Amino acid sequence: MQIHILTIFPDSFEAITKEGMVARAIKRGILDFKVHNLRDWTNDNYQSVDDHPYGGGAGMVMKIEPIYKALKDIKSALQGSTKVLLTSAKGINYEQAVASDLTKIDNLIIICGHYEGVDERVSEALVDMEVSIGNYVLSGGEIPAMVITDSIARLLPGVLGNPDSLQSESHNEKGVKEYPQYTKPEVFTTDDGIELKVPSILLSGDHAKINAWREENKQRD
Ligand code: SAH
(Lines give C-alpha, C1' and ligand atoms only; values in the text may rest on other atoms or scores of the structure.)
Protein backbone atom coordinates (compact mmCIF):
# COMPACT_ATOMS: atom_id res chain seq x y z
CA MET A 1 0.00 0.00 0.00
CA GLN A 2 1.11 3.57 -0.67
CA ILE A 3 0.42 6.51 1.64
CA HIS A 4 1.19 9.99 0.33
CA ILE A 5 1.23 13.00 2.61
CA LEU A 6 0.73 16.57 1.44
CA THR A 7 2.12 18.97 4.03
CA ILE A 8 3.98 22.22 4.66
CA PHE A 9 6.00 20.49 7.41
CA PRO A 10 7.53 17.43 5.70
CA ASP A 11 10.26 16.94 8.32
CA SER A 12 7.74 16.38 11.08
CA PHE A 13 7.02 12.92 9.66
CA GLU A 14 10.42 11.70 10.80
CA ALA A 15 8.59 11.13 14.07
CA ILE A 16 7.08 7.99 12.53
CA THR A 17 9.55 7.07 9.78
CA LYS A 18 12.70 6.78 11.92
CA GLU A 19 11.60 4.15 14.40
CA GLY A 20 8.55 2.18 15.46
CA MET A 21 5.84 0.27 13.63
CA VAL A 22 5.46 2.59 10.61
CA ALA A 23 9.25 2.59 10.10
CA ARG A 24 9.16 -1.21 10.22
CA ALA A 25 6.36 -1.39 7.64
CA ILE A 26 8.37 0.88 5.34
CA LYS A 27 11.59 -1.10 5.85
CA ARG A 28 9.81 -4.36 5.06
CA GLY A 29 8.45 -2.90 1.82
CA ILE A 30 4.85 -3.36 3.01
CA LEU A 31 4.14 0.37 3.17
CA ASP A 32 5.39 2.82 0.58
CA PHE A 33 5.31 6.14 2.44
CA LYS A 34 5.96 9.41 0.62
CA VAL A 35 5.90 12.92 2.05
CA HIS A 36 5.35 15.82 -0.38
CA ASN A 37 6.04 19.46 0.38
CA LEU A 38 2.99 21.46 -0.69
CA ARG A 39 5.21 24.49 -1.33
CA ASP A 40 6.70 22.63 -4.32
CA TRP A 41 3.42 23.37 -6.12
CA THR A 42 3.44 27.14 -5.54
CA ASN A 43 4.68 29.55 -8.19
CA ASP A 44 5.26 32.83 -6.37
CA ASN A 45 8.52 33.93 -4.71
CA TYR A 46 7.07 33.53 -1.24
CA GLN A 47 5.81 30.03 -1.98
CA SER A 48 2.55 31.03 -0.35
CA VAL A 49 0.03 28.32 0.38
CA ASP A 50 -2.47 30.54 2.25
CA ASP A 51 -4.35 33.80 1.93
CA HIS A 52 -6.94 35.94 3.77
CA PRO A 53 -10.49 34.61 4.08
CA TYR A 54 -13.19 36.07 1.83
CA GLY A 55 -15.72 37.88 3.96
CA GLY A 56 -13.06 38.83 6.50
CA GLY A 57 -12.27 37.28 9.84
CA ALA A 58 -9.29 36.03 11.75
CA GLY A 59 -6.42 33.99 10.37
CA MET A 60 -5.46 32.61 6.99
CA VAL A 61 -6.98 29.94 4.78
CA MET A 62 -5.08 27.39 2.70
CA LYS A 63 -5.46 27.97 -1.02
CA ILE A 64 -6.96 25.48 -3.43
CA GLU A 65 -4.48 25.95 -6.34
CA PRO A 66 -1.35 24.33 -4.86
CA ILE A 67 -3.44 21.47 -3.44
CA TYR A 68 -5.17 20.91 -6.80
CA LYS A 69 -1.85 20.83 -8.68
CA ALA A 70 -0.18 18.59 -6.12
CA LEU A 71 -3.04 16.08 -6.16
CA LYS A 72 -3.02 15.99 -9.95
CA ASP A 73 0.73 15.29 -10.06
CA ILE A 74 0.73 12.74 -7.25
CA LYS A 75 -2.29 10.89 -8.70
CA SER A 76 -0.81 10.76 -12.20
CA ALA A 77 1.96 8.48 -10.88
CA LEU A 78 -0.40 6.10 -9.05
CA GLN A 79 -2.01 2.86 -10.10
CA GLY A 80 -4.98 1.10 -8.56
CA SER A 81 -7.60 2.45 -6.20
CA THR A 82 -6.89 5.83 -4.62
CA LYS A 83 -8.63 7.85 -1.93
CA VAL A 84 -7.91 11.44 -0.94
CA LEU A 85 -8.43 12.24 2.73
CA LEU A 86 -8.56 15.75 4.17
CA THR A 87 -7.70 16.09 7.85
CA SER A 88 -10.27 18.40 9.43
CA ALA A 89 -11.74 19.12 12.84
CA LYS A 90 -15.11 19.13 11.02
CA GLY A 91 -14.75 15.68 9.49
CA ILE A 92 -16.29 12.31 10.30
CA ASN A 93 -14.83 10.71 13.41
CA TYR A 94 -11.89 8.46 12.69
CA GLU A 95 -12.48 4.96 14.05
CA GLN A 96 -10.90 1.52 13.81
CA ALA A 97 -13.47 0.51 11.17
CA VAL A 98 -12.35 3.42 8.96
CA ALA A 99 -8.69 2.38 9.41
CA SER A 100 -9.60 -1.17 8.50
CA ASP A 101 -11.49 -0.04 5.35
CA LEU A 102 -8.56 2.10 4.25
CA THR A 103 -6.19 -0.91 4.30
CA LYS A 104 -8.20 -2.27 1.35
CA ILE A 105 -7.24 0.50 -1.09
CA ASP A 106 -3.95 0.75 -3.01
CA ASN A 107 -3.18 4.42 -2.40
CA LEU A 108 -4.17 6.94 0.23
CA ILE A 109 -3.33 10.64 -0.08
CA ILE A 110 -3.65 12.64 3.14
CA ILE A 111 -3.85 16.44 3.06
CA CYS A 112 -2.63 18.26 6.16
CA GLY A 113 -4.41 21.53 6.80
CA HIS A 114 -3.09 24.52 8.75
CA TYR A 115 -3.99 28.02 9.93
CA GLU A 116 -7.79 28.50 10.02
CA GLY A 117 -8.27 25.55 7.71
CA VAL A 118 -8.55 24.84 4.02
CA ASP A 119 -10.60 26.54 1.27
CA GLU A 120 -13.93 24.67 1.35
CA ARG A 121 -13.72 23.93 -2.40
CA VAL A 122 -11.00 21.37 -1.60
CA SER A 123 -13.47 19.44 0.49
CA GLU A 124 -16.29 20.00 -2.04
CA ALA A 125 -14.44 18.92 -5.15
CA LEU A 126 -11.06 17.31 -4.51
CA VAL A 127 -11.36 14.87 -1.63
CA ASP A 128 -13.15 11.61 -0.94
CA MET A 129 -13.37 11.98 2.80
CA GLU A 130 -12.89 14.60 5.50
CA VAL A 131 -11.70 13.03 8.73
CA SER A 132 -11.37 14.25 12.31
CA ILE A 133 -9.30 12.33 14.87
CA GLY A 134 -11.37 13.69 17.75
CA ASN A 135 -13.50 16.54 18.99
CA TYR A 136 -10.73 19.04 19.65
CA VAL A 137 -8.74 21.44 17.48
CA LEU A 138 -5.09 20.89 16.64
CA SER A 139 -2.85 23.43 14.95
CA GLY A 140 -2.21 21.28 11.90
CA GLY A 141 -3.09 18.05 10.11
CA GLU A 142 0.35 16.47 10.53
CA ILE A 143 -0.34 14.72 13.83
CA PRO A 144 -3.74 13.46 12.57
CA ALA A 145 -1.99 12.20 9.39
CA MET A 146 0.54 10.35 11.55
CA VAL A 147 -2.23 8.89 13.68
CA ILE A 148 -4.05 7.67 10.58
CA THR A 149 -0.86 6.28 9.01
CA ASP A 150 0.10 4.40 12.19
CA SER A 151 -3.36 2.90 12.62
CA ILE A 152 -3.35 1.63 9.01
CA ALA A 153 0.27 0.43 8.93
CA ARG A 154 -0.14 -1.91 11.91
CA LEU A 155 -3.12 -3.58 10.20
CA LEU A 156 -1.20 -4.38 7.00
CA PRO A 157 -0.31 -8.08 6.78
CA GLY A 158 3.28 -8.76 7.85
CA VAL A 159 3.79 -5.64 9.97
CA LEU A 160 2.89 -6.88 13.46
CA GLY A 161 5.04 -9.65 14.94
CA ASN A 162 1.98 -11.67 15.90
CA PRO A 163 -1.11 -10.89 13.80
CA ASP A 164 -3.30 -12.78 16.33
CA SER A 165 -3.01 -9.75 18.59
CA LEU A 166 -5.22 -7.82 16.14
CA GLN A 167 -8.16 -10.15 16.81
CA SER A 168 -8.60 -9.50 20.51
CA GLU A 169 -7.61 -5.85 20.35
CA SER A 170 -9.74 -2.95 21.51
CA HIS A 171 -12.17 -1.68 18.84
CA ASN A 172 -11.69 -4.69 16.52
CA GLU A 173 -15.30 -5.36 17.39
CA LYS A 174 -17.15 -2.04 17.70
CA GLY A 175 -17.56 -0.92 21.30
CA VAL A 176 -15.52 -3.80 22.73
CA LYS A 177 -12.16 -3.16 24.44
CA GLU A 178 -9.39 -5.61 25.15
CA TYR A 179 -9.25 -7.67 28.36
CA PRO A 180 -6.72 -6.59 31.03
CA GLN A 181 -3.14 -7.75 30.48
CA TYR A 182 -0.47 -8.50 33.08
CA THR A 183 3.18 -9.55 33.03
CA LYS A 184 5.90 -10.39 35.57
CA PRO A 185 6.17 -10.07 38.54
CA GLU A 186 3.17 -11.96 39.98
CA VAL A 187 3.14 -9.58 42.94
CA PHE A 188 4.40 -6.02 42.72
CA THR A 189 4.91 -4.35 46.09
CA THR A 190 4.91 -0.53 46.29
CA ASP A 191 7.22 1.35 48.69
CA ASP A 192 4.20 1.67 51.03
CA GLY A 193 3.88 -2.11 51.23
CA ILE A 194 0.79 -2.34 49.04
CA GLU A 195 0.72 -5.61 47.11
CA LEU A 196 -0.56 -5.44 43.54
CA LYS A 197 -1.36 -8.99 42.43
CA VAL A 198 -2.02 -10.64 39.08
CA PRO A 199 -5.50 -12.30 39.05
CA SER A 200 -4.81 -15.89 40.14
CA ILE A 201 -6.81 -17.40 37.28
CA LEU A 202 -4.19 -16.17 34.81
CA LEU A 203 -1.58 -18.25 36.66
CA SER A 204 -3.76 -21.38 36.71
CA GLY A 205 -2.72 -22.75 33.33
CA ASP A 206 -6.39 -23.60 32.64
CA HIS A 207 -6.89 -22.08 29.19
CA ALA A 208 -10.65 -22.57 29.05
CA LYS A 209 -11.02 -20.70 32.35
CA ILE A 210 -8.54 -18.03 31.28
CA ASN A 211 -10.45 -17.44 28.04
CA ALA A 212 -13.75 -17.23 29.91
CA TRP A 213 -12.22 -14.76 32.38
CA ARG A 214 -10.87 -12.64 29.53
CA GLU A 215 -14.22 -12.62 27.75
CA GLU A 216 -15.95 -11.52 30.98
CA ASN A 217 -13.40 -8.80 31.63
CA LYS A 218 -13.54 -7.07 28.27
CA GLN A 219 -14.91 -3.56 28.67
CA ARG A 220 -17.97 -2.86 26.58
CA ASP A 221 -19.52 0.50 25.68
N1 SAH B 1 -10.72 26.64 12.01
C2 SAH B 1 -10.85 25.21 11.95
C3 SAH B 1 -9.67 24.51 12.63
C4 SAH B 1 -8.40 24.63 11.86
S5 SAH B 1 -7.09 23.80 12.62
C6 SAH B 1 -12.16 24.79 12.63
O7 SAH B 1 -12.65 25.53 13.48
O8 SAH B 1 -12.68 23.69 12.32
C9 SAH B 1 -5.96 23.63 11.30
C10 SAH B 1 -5.86 22.28 10.65
O11 SAH B 1 -5.50 21.31 11.61
C12 SAH B 1 -7.13 21.75 10.01
O13 SAH B 1 -7.29 22.28 8.70
C14 SAH B 1 -6.88 20.26 10.00
O15 SAH B 1 -6.09 19.88 8.90
C16 SAH B 1 -6.07 20.06 11.26
N17 SAH B 1 -6.89 19.61 12.41
C18 SAH B 1 -7.20 20.32 13.52
N19 SAH B 1 -7.93 19.60 14.38
C20 SAH B 1 -8.12 18.40 13.80
C21 SAH B 1 -8.80 17.21 14.19
N22 SAH B 1 -9.46 17.12 15.34
N23 SAH B 1 -8.75 16.15 13.35
C24 SAH B 1 -8.12 16.22 12.16
N25 SAH B 1 -7.45 17.33 11.74
C26 SAH B 1 -7.45 18.40 12.54
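Computed over heavy atoms, backbone and side chain alike; hydrogens, waters and symmetry mates excluded. Order of appearance sets the numbers: ligands from 1, and atoms from 1 within every ligand. Quick caveat: nothing in here was measured; it's all calculated off a predicted structure.
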*Asks:* Using side chain to side chain donor-acceptor pair (under 3.5 Å) as the criterion, list what pairs up with Asp128, not counting sequence neighbours.
*Replies:*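 Scan of Asp128 (side chain to side chain donor-acceptor pair (under 3.5 Å), adjacent residues dropped) gives none.
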*Asks:* Please answer whether the main-chain N or O of Ile111 pairs with a side-chain N or O of Thr87 as donor and acceptor at a distance below 3.5 Å.
*Replies:*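 Pair found, side chain donor or acceptor close to backbone of Ile111.
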*Asks:* So, the side chain of Tyr94 versus the backbone of Gly91: is there a donor-acceptor pair under 3.5 Å, distance only?
*Replies:*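 It does not hold such a pair.
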*Asks:* At less than 4.0 angstrom from any atom of ligand 1, which residues have a non-hydrogen atom? List them by chain and residue number.
*Replies:*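 Answer by chain and number: Thr87, Ser88, Ala89, Lys90, Gly113, His114, Tyr115, Glu116, Gly117, Val131, Ser132, Ile133, Gly134, Tyr136, Val137, Leu138, Ser139, Gly140, Gly141, Pro144.
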*Asks:* Within the supplied structure, the quantity of interest is the number of heavy atoms (other residues, nucleotides, ligands) at a distance under 6.0 Å from Leu138 CG; does it exceed 12?
*Replies:*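 Yes, enclosed.
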*Asks:* Who passes ring pair (Phe, Tyr, Trp, His ring centres under 6.0 Å) against Phe9, sequence neighbours left out?
*Replies:*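 Phe9 satisfies ring pair (Phe, Tyr, Trp, His ring centres under 6.0 Å) with His114 only.
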*Asks:* Taking the hydrophobic residues Ile, Leu, Val, Met, Phe, Trp and Tyr, and joining any pair whose side-chain heavy atoms are under 4.5 Å apart, which ones share a cluster with Tyr46?
*Replies:*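 So far as hydrophobic clustering goes, Tyr46 is joined with none.
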